[in-house]
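Step one of this worksheet: look at the structure below.
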2 protein chains.
Amino acid sequence: MLATSKPLSGTAVVPLDGLIRTCNQTENRIATIPPRTKLFLPGIDRSETFRILQGCIALFQLLPDGRRQIVDILGPGRLFGRGISDLHQCGAEALCETQVELVTAVRRSLDAEINQSIRQMLRRAQAHATLLGRKTAGERIATALIDLAGQFSNETGDGFQLHLTRMDLADWLGLTLETVSRYLNRFRREGLVSFEGANRIFLNDRTGLELIAAGRELAAVQ
Amino acid sequence: MLATSKPLSGTAVVPLDGLIRTCNQTENRIATIPPRTKLFLPGIDRSETFRILQGCIALFQLLPDGRRQIVDILGPGRLFGRGISDLHQCGAEALCETQVELVTAVRRSLDAEINQSIRQMLRRAQAHATLLGRKTAGERIATALIDLAGQFSNETGDGFQLHLTRMDLADWLGLTLETVSRYLNRFRREGLVSFEGANRIFLNDRTGLELIAAGRELAAVQ
DNA sequence: CGGCTCCTTGAGCGCTCTCAAGCCCGGTGG
DNA sequence: CCACCGGGCTTGAGAGCGCTCAAGGAGCCG
């Protein structure tokens with residue numbers, strides 16, 4: 001299942017149409033997107049929907065001067081496409097090698113699932129607004145770690161692959177790269193988490209993180 | 001149309017069920033909600049949907065320690081209810097006397113409209129996340145004024161009623177009451193807007209506000 | 001007139017940003 | 001095998017935007 005499709009060409013930007021074509025060339029409608037590929041979404045009103053099988057996709061918005069806000073991080077199982085996020089004003093980027101399956105044309109019973117997916121996006125977007133508007137930097141990092149653990153950890157222990165760079169995390173959480181790094185390392189020093197390399201993370205004290213994420217106990221030391 | 005229904009009792013908190021009952025007691029299914037009424041949403045999975053005819057409703061989330069984030073401001077024409085916003089973890093509050101119409105049971109052709117409404121909520125929530133994560137205080141205020149003008153101004157000139165207090169604006173924009181007041185008055189001194197009383201607003205220089213909202217020109221003076 | 005809520009304005013603080021330097025590590029080529 | 005390079009990460013020092021605390025004004029209602 002993993003090796004059934006070849007990676008797309010090494011282009012950094014792939015139009016959604018090309019992705020659809022690639023999927024349709026395989027019998028199981030699966031495509032593999034190289035790391036750091038930007039998915040370009042032409043104005044055509046395609047309603048094709050993809051399911052992420054493996055990997056990680058970020059939805060982001062840009063301000064005219066280049067400031068970036070990642071509005072959602074999508075892990076395995078999540079749906080995306082113009083039909084879902086409308087991708088109104090969003091771009092999408094695969095943060096690592098990502099496998100997607102084209103699911104639209106496969107079955108019509110999909111509508112209910114797409115509906116559920118949109119509601120999930122809305123629920124997450126509103127929770128994220130609360131994070132961005134009212135949580136401190138430490139609370140944001142803790143919240144993010146719990147969310148990512150939920151989306152990316154296997155059943156084997158609490159470790160998970162952090163597909164986001166510090167910069168990605170900053171753009172997701174409304175912080176700067178340096179602040180993200182400081183709090184991650186603070187949490188490591190305090191024993192809440194540990195790293196393997198810079199990008200594999202273990203939650204050693206999930207309860208502690210949840211307390212911090214909820215806005216309790218975390219002295220503001222920087 | 002405005003006087004067809006009597007205001008609900010003066011209680012500050014109204015369960016959604018009561019609102020539905022009140023609507024059903026009038027032939028046109030309209031209810032009037034007093035200012036500052038909190039709409040309580042019991043766990044029952046009612047999918048009834050309301051359309052706002054007049055007034056203003058805020059959807060908000062609370063953190064355990066009382067911090068509040070308003071995740072959306074709904075004006076006339078917008079739909080709301082458990083079926084729309086799921087009201088996952090949201091509360092709702094009428095910011096002024098608000099007239100709503102119960103539309104669910106009326107017609108089945110409503111589904112497409114509800115779908116559109118959810119997508120609109122998602123689009124707005126993601127744009128708001130970008131505002132909260134990446135815009136400065138002045139940019140947030142300018143963006144908010146333009147949004148509110150769009151939702152609440154009649155065709156008669158650019159004036160509109162500001163149903164939100166400074167505190168509401170702060171909770172919507174991820175700021176404090178004082179910062180909101182400072183920037184509103186700064187914009188007034190600069191001739192971008194003017195007030196009648198504290199709560200009727202005129203956009204004198206919409207283009208200027210749009211430039212600021214987009215992140216251009218606005219010296220950080222405070 | 002007093003009391004209330006909401007708003008305005010000032011002064012100073014602090015959390016997070018900015019700027020800067022240096023480290024880690026994998027890749028590449030001599 | 002090692003030097004070099006570059007991207008990503010860490011850490012420090014200082015600055016600034018927005019917050020906190022505080023006082024007072026404006027409008028409303030009894």
Side-chain angles (χ1 to χ4, degrees), chain A residues 10 12 35-36 65-69 95-96 131-142 144 161-190 193-201 212 215 218-222, chain B residues 10 12 35-36 65-69 95-96 131-142 144 161-190 193-201 212 215 218-222:
Chain A
R36 291 292 150 181
D65 60 3
R67 280 174 283 178
R68 184 174 79 144
Q69 176 65 48
L95 300 185
C96 60
L131 175 147
L132 292 169
R134 287 300 180 221
K135 290 190 179 180
T136 65
E139 291 164 12
R140 297 181 199 196
I141 302 282
Q161 190 65 26
L162 179 67
H163 299 299
L164 294 79
T165 66
R166 303 296 188 259
M167 188 67 210
D168 293 330
L169 279 169
D171 284 343
W172 188 29
L173 303 177
L175 301 169
T176 58
L177 172 167
E178 295 93 332
T179 299
V180 169
S181 179
R182 278 187 246 272
Y183 274 96
L184 282 179
N185 284 291
R186 174 176 170 186
F187 287 172
R188 180 178 50 74
R189 283 193 300 273
E190 291 175 350
V193 303
S194 44
F195 302 150
E196 258 181 34
N199 289 327
R200 183 155 199 94
I201 297 192
I212 295 172
L218 177 70
V221 178
Q222 163 91 299
Chain B
R36 291 293 150 180
D65 60 3
R67 280 174 283 178
R68 183 173 79 144
Q69 176 67 46
L95 300 185
C96 60
L131 176 147
L132 292 170
R134 286 301 179 220
K135 290 190 179 180
T136 65
E139 292 163 12
R140 296 181 199 196
I141 303 282
Q161 191 64 26
L162 180 66
H163 299 300
L164 294 79
T165 66
R166 304 295 187 260
M167 189 66 212
D168 293 330
L169 279 169
D171 284 343
W172 188 29
L173 303 177
L175 300 168
T176 58
L177 170 166
E178 295 92 333
T179 299
V180 169
S181 178
R182 278 187 247 272
Y183 274 96
L184 281 179
N185 285 291
R186 173 177 170 185
F187 286 172
R188 179 177 51 73
R189 283 192 300 274
E190 292 175 348
V193 303
S194 44
F195 302 151
E196 257 181 35
N199 288 328
R200 182 154 198 95
I201 298 191
I212 295 172
L218 178 70
V221 178
Q222 165 90 298

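In the text below, chain A, chain B and the rest are named by the order of the sequence lines, each starting its count at 1.
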When the nearest nucleotide of DNA chain D is assigned to B/K135 and to A/E178 on a heavy-atom basis, which residue is associated with the more 5' position? A/E178
Please say which of A/L184, A/I141, A/T179, A/L177 ends up in a side chain to side chain contact (heavy atoms under 4.5 Å, CB included) with A/L169. A/L184
From C-beta outward on A/R189, which listed nucleotide comes closest to its side chain: C/dT9, D/dT11, D/dG18? D/dT11
Separation of A/L169 atom CG from D/dC9 atom C1', in whole Å? 12 Å
CD of A/Q161 to CZ of A/R200, rounded to nearest 0.5 Å, is 5.5 Å
Remember a base hit wins even if backbone is also touched, and classify A/L175 as base, sugar-phosphate or nothing at under 4.0 Å, heavy atoms. sugar-phosphate
Given C/dT9, is OP1 or OP2 found less than 4.0 Å from the side-chain N or O atoms of B/N185? yes
Choose from D/dT11, C/dT8, D/dG18 the nucleotide whose nearest atom is closest to any side-chain atom of B/T179. D/dG18
Given C/dT16, C/dC7, C/dT18, the nucleotide with the shortest approach to the side chain of A/R182: C/dT18
Once you round to the nearest 0.5 Å, how far does OH of A/Y183 lie from CD of A/E190? 10.0 Å
Here the distance between atom C1' of D/dC9 and atom CG of A/L164, to the nearest Å, is 15 Å
If I take atom CZ in residue B/F195 and atom P in nucleotide C/dC7, what distance separates them, rounded to the nearest angstrom? 10 Å
Can you work out whether A/R134 or A/M167 has the more 5'-proximal nearest nucleotide on DNA chain D? A/M167
Taken to the nearest whole Å, CG/B/D168 to C1'/C/dC7 is 13 Å
Starting at atom CG of A/L162, determine the distance to atom C1' of D/dC9, rounded to an integer number of angstrom. 12 Å
So for A/R166 and D/dT11, does any side-chain atom that can act as donor or acceptor lie under 3.5 Å from a complementary atom in the base? no
Taking the side chain as every heavy atom from C-beta outward, state whether B/I201 and B/E196 have any atom pair closer than 4.5 Å. no
Closest of C/dT16, C/dC17, C/dC7 to the A/T176 side chain is C/dC17
Less than 4.5 Å apart, side chain to side chain, heavy atoms only: is that true for A/F187 and A/I212? yes
Just how far, in rounded Å, is C1' of C/dC7 from CZ of B/R186? 19 Å
For A/R140 and C/dC15, what is the distance between atoms CZ and C1' respectively, to the nearest whole Å? 11 Å
Where the side chain of A/S181 is defined as all heavy atoms beyond and including C-beta, which of D/dT10, C/dA11, C/dT18 is the nearest nucleotide? D/dT10
Just the rounded figure in Å: distance from P of D/dG8 to CG of A/L184. 16 Å
